[in-house]
Asks: 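Have a look at this one.
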Amino acid sequence: MSDTIKKNIQNSLKFVYSENNTLSVIFHDNNLLMGIVGEFNKNLKELERITGASLYSRGNSILIKSSSEKNEIVKNAIQFLVNQFLNNGSIENKDILSSIDQFMINEKVKNTNVTDIIKTPKKSIIPRSEKQKEYVRALREKEIIISAGPAGTGKTFLAVAIGLTMLLEKKIERIILSRPAVEAGERLGFLPGDMKEKVDPYLRPLYDSLYDLFHFEKIQRMIEIGDIEIAPLAFMRGRTLKNSFAILDEAQNATDTQIKMFLTRIGENSKIVVNGDPSQIDLPNKQASGLDRAKKLLSHLNEISVVDFDHSDVVRHPLVSKIVKAYSNNNDQS
């Protein structure tokens with residue numbers, strides 16, 4: 001955490017300890033207090049739920065009533081959320097979950113490495129696990145990155161964020177986002193519209209990541225002029241990607257031949273990212289997936305980084321992590 005942010009937090013808050021294990025957090029800025037408490041106290045209620053402490057909003061302060069240990073947990077959480085609000089101007093539910101996570105507390109409140117932060121026009125993004133931090137560093141340093149792991153671990157979102165910052169800093173000329181248009185029970189031919197309209201539903205998660213990081217109109221403009229290209233994997237054959245940041249999402253649904261084709265598109269001043277979840281293969285023959293083979297064949301190359309995520313890296317709703325773990329345990333036992 002920078003000295004400026006530390007100073008801002010110190011100037012914004014005052015902590016008063018009272019008898020009966022009560023801690024008052026006094027805010028000098030009502031706008032900041034409203035941002036931390038949330039509409040209809042929703043942030044406070046969520047923090048109360050996950051910590052088990054009793055929290056009350058009183059005037060310009062938040063009262064914490066619990067054991068001394070829990071009071072300190074909530075105090076650190078509020079400092080974390082203040083930091084997040086000062087950086088981004090808003091608090092998301094995932095920030096509240098992170099505010100009591102020991103990894104995030106160590107990283108952001110005590111010993112943040114600013115080089116790991118991704119600053120996009122809409123928000124600053126911080127790796128939320130050791131594997132995410134490893135992944136972000138690989139995205140910045142390596143030419144090819146292959147990552148595998150369950151849904152919700154940030155594989156696509158972090159890659160799109162790094163690509164967007166590189167594009168805005170003019171380190172590359174374009175972002176290329178691709179997915180294999182594999183049919184998961186439905187056939188493309190029966191979908192209405194032209195080819196773009198047929199494949200857009202398969203590429204929607206890539207659009208969602210972009211819109212979450214930058215203004216809708218500007219993203220649309222970048223797509224129109226070709227700074228951002230979104231295309232099915234089949235359209236990549238025969239091309240050479242120069243000055244580009246190319247992401248292949250849902251790579252578990254690409255065959256060995258397709259992944260080889262995509263990786264060999266790399267040209268001068270380019271990065272290629274291959275992401276997938278081996279537990280969600282939609283190919284008719286699951287053995288045809290080329291993701292695991294690519295990891296095994298290429299992990300020894302210095303220019304290539306392979307990152308494996310698991311349920312502990314899930315940063316969506318906490319229930320997602322539990323679901324992923326339950327399915328993983330069941331597969332291990334069967």
Asks: Looking at side-chain heavy atoms only, is the closest gap between Thr153 and Tyr135 below 4.5 Å?
Replies: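 Result no, sub-4.5 Å side-chain heavy-atom pair not found.
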Asks: Hydrophobic clustering (ILVMFWY, side-chain heavy atoms < 4.5 Å, transitive) - are Met222 and Leu210 grouped together?
Replies: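 Linked within one cluster.
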Asks: Sub-3.5 Å donor-acceptor pair from the side chain of Lys131 to the main-chain atoms of Asp310, do we have one?
Replies: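 Here the side-chain-to-backbone pair does not exist.
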Asks: Of Leu298, Asp256, Ile259, which meets side chain to side chain contact (heavy atoms under 4.5 Å, CB included) against Arg293?
Replies: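 Result for side chain to side chain contact (heavy atoms under 4.5 Å, CB included) with Arg293: Asp256.
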Asks: Do Leu81 and Leu86 share a hydrophobic cluster (ILVMFWY, side-chain heavy atoms under 4.5 Å, transitive)?
Replies: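 Cluster IDs for Leu81 and Leu86 match.
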Asks: Show your working on side chain to side chain contact (heavy atoms under 4.5 Å, CB included) between Leu291 and Val274 and close with a plain yes or no.
Replies: CA-CA 8 Å; Leu291 182 59; Val274 174; 4.0 Å; yes
Asks: Group every Ile, Leu, Val, Met, Phe, Trp and Tyr by side-chain heavy-atom contacts under 4.5 Å, then state whether Met34 and Leu55 land in the same group.
Replies: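 No, no single cluster joins them.
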Asks: Do Arg204 and Tyr207 form a cation-pi contact, if we require the NZ or CZ to be under 6.0 Å from the six-membered ring centre and within 45 degrees of the ring's axis?
Replies: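 Output yes; distance and angle both within limits.
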Asks: Is a donor on one side and an acceptor on the other found under 3.5 Å between the side chain of Asn71 and the backbone of Asn21?
Replies: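 Checking the backbone N and O of Asn21 against the side chain of Asn71, a donor-acceptor pair under 3.5 Å is found.
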Asks: I need the single residue from Thr156, Leu233, Leu206 that forms a side chain to side chain contact (heavy atoms under 4.5 Å, CB included) with Arg179. Which is it?
Replies: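 Of Thr156, Leu233, Leu206, side chain to side chain contact (heavy atoms under 4.5 Å, CB included) with Arg179 is met by Leu206 alone.
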Asks: Between Lys155 and Ala148 (side chain of the first, backbone of the second, donor and acceptor by atom type, cut-off under 3.5 Å), is there such a pair?
Replies: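 No, because the side chain of Lys155 does not come within donor-acceptor range (under 3.5 Å) of the backbone of Ala148.
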Asks: Could I get the full list of ring pair (Phe, Tyr, Trp, His ring centres under 6.0 Å) partners for Tyr17, not counting sequence neighbours?
Replies: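 Once residues adjacent in sequence are excluded, Tyr17 has no partner under the ring pair (Phe, Tyr, Trp, His ring centres under 6.0 Å) criterion.
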Asks: Would you find a donor on one side and an acceptor on the other, under 3.5 Å apart, between the side chain of Asp95 and the backbone of Glu92?
Replies: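 Present.
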Asks: Is it the case that atom NZ in Lys260 sees more than 12 heavy atoms from other parts of the structure closer than 6.0 Å?
Replies: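 Counting neighbours around NZ of Lys260, 12 or fewer heavy atoms of other residues, nucleotides or ligands fall under 6.0 Å, so no.
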Asks: Dump the intermediate steps for salt bridge (Lys or Arg N to Asp or Glu O under 4.0 Å) on Glu130 and Lys133, then the final yes or no.
Replies: CA-CA 5 Å; Glu130 285 290 349; Lys133 186 161 66 171; 3.8 Å; yes
Asks: Check whether any side-chain heavy atom of Gln132 lies under 4.5 Å from a side-chain heavy atom of Phe157, and answer yes or no.
Replies: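 The answer is no, as the side chains (C-beta and beyond) never meet within the 4.5 Å cut-off.
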Asks: Donor-acceptor pair, Glu229 side chain versus Ile176 backbone, under 3.5 Å?
Replies: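 Here the side-chain-to-backbone pair does not exist.
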Asks: Which residues, ordered by chain and number, are linked to Leu63 in its hydrophobic cluster, where ILVMFWY side chains connect at heavy-atom gaps below 4.5 Å, directly or through other members?
Replies: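 Reading the cluster by chain and number, Leu63 sits alongside Tyr56.
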Asks: Return yes if some donor-acceptor pair links the side-chain N/O of Ser270 with the main-chain N/O of Ile266 below 3.5 Å, else return no.
Replies: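 It does not hold such a pair.
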Asks: Under 3.5 Å, side chain of Lys14 to main-chain N/O of Ile26, donor-acceptor pair present?
Replies: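 Absent.
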Asks: Checking Leu47 against Ser99 for the side chain to side chain contact (heavy atoms under 4.5 Å, CB included) test, could you report, in this order, the C-alpha distance in whole Å, the side-chain angles of both residues, the deciding distance, and whether it holds?
Replies: CA-CA 9 Å; Leu47 190 57; Ser99 72; 3.8 Å; yes
Asks: Check whether any side-chain heavy atom of Asp227 sits under 4.5 Å from a side-chain heavy atom of Lys218, and report yes or no.
Replies: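 Heavy-atom side-chain distance check fails, nothing below 4.5 Å.
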Asks: Cut-off 3.5 Å, no hydrogens considered: what does the side-chain donor-acceptor table look like for residues 163-175, sequence neighbours left out?
Replies:
residue: Thr165; atom: OG1; partner: Ala161; partner atom: O; Å: 3.3
residue: Thr165; atom: OG1; partner: Ile162; partner atom: O; Å: 2.7
residue: Glu169; atom: OE1; partner: Lys171; partner atom: NZ; Å: 3.2
residue: Arg174; atom: NE; partner: Ser244; partner atom: OG; Å: 3.1

Asks: Is any side-chain heavy atom of Asp212 closer than 4.5 Å to one of Lys123?
Replies: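 Yes, at least one pair of side-chain atoms sits under 4.5 Å.
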Asks: What are the two closest non-hydrogen atoms of Ala53 and Val74, and how far apart are they?
Replies: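 The pair with the smallest heavy-atom distance is CB-CG2, 3.9 Å.
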Asks: Got Glu48 and Ser54 here, is their nearest side-chain heavy-atom distance under 4.5 Å?
Replies: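 Side chain of Glu48 against side chain of Ser54, heavy atoms only: contact under 4.5 Å found.
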Asks: Quick check: do Ile146 and Ile304 have side-chain heavy atoms less than 4.5 Å from each other?
Replies: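 Yes, side chains in contact.
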Asks: For Ser12 and Asp29, test the side chains for any donor-to-acceptor distance below 3.5 angstrom and give the result as yes or no.
Replies: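 No, no side-chain donor-acceptor pair sits under 3.5 Å.
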Asks: Quick one: do Thr51 and Lys70 satisfy side chain to side chain contact (heavy atoms under 4.5 Å, CB included)? Show the steps, please.
Replies: CA-CA 7 Å; Thr51 61; Lys70 283 189 178 180; 5.7 Å; no
Asks: Tell me whether Phe216 shares a hydrophobic cluster with Phe214, the cluster being built from Ile, Leu, Val, Met, Phe, Trp, Tyr side chains joined at under 4.5 Å.
Replies: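 Yes.
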Asks: Less than 4.5 Å apart, side chain to side chain, heavy atoms only: is that true for Val82 and Phe27?
Replies: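 Heavy-atom side-chain distance check passes, below 4.5 Å.
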Asks: Under 4.5 Å between any side-chain heavy atoms of Ile228 and Gln220, yes or no?
Replies: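 No, every pair of side-chain atoms sits at 4.5 Å or beyond.
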Asks: Go through it in stages, so that I can follow the logic: the residues are Asn20 and Lys65, the test is side chain to side chain contact (heavy atoms under 4.5 Å, CB included), and I'd like the CA-CA distance, side-chain angles, deciding distance and then a yes or no.
Replies: CA-CA 8 Å; Asn20 301 322; Lys65 290 186 178 182; over 6 Å; no
Asks: Tell me whether Leu301 is reachable from Ile144 by hopping between hydrophobic residues (I, L, V, M, F, W, Y) whose side-chain heavy atoms are closer than 4.5 Å.
Replies: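 Same hydrophobic cluster.
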Asks: Quick one: pull up CD1 in Ile118 and CD1 in Ile125 and give me the separation to the nearest 0.5 Å.
Replies: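 Result: 5.0 Å between the selected atoms.
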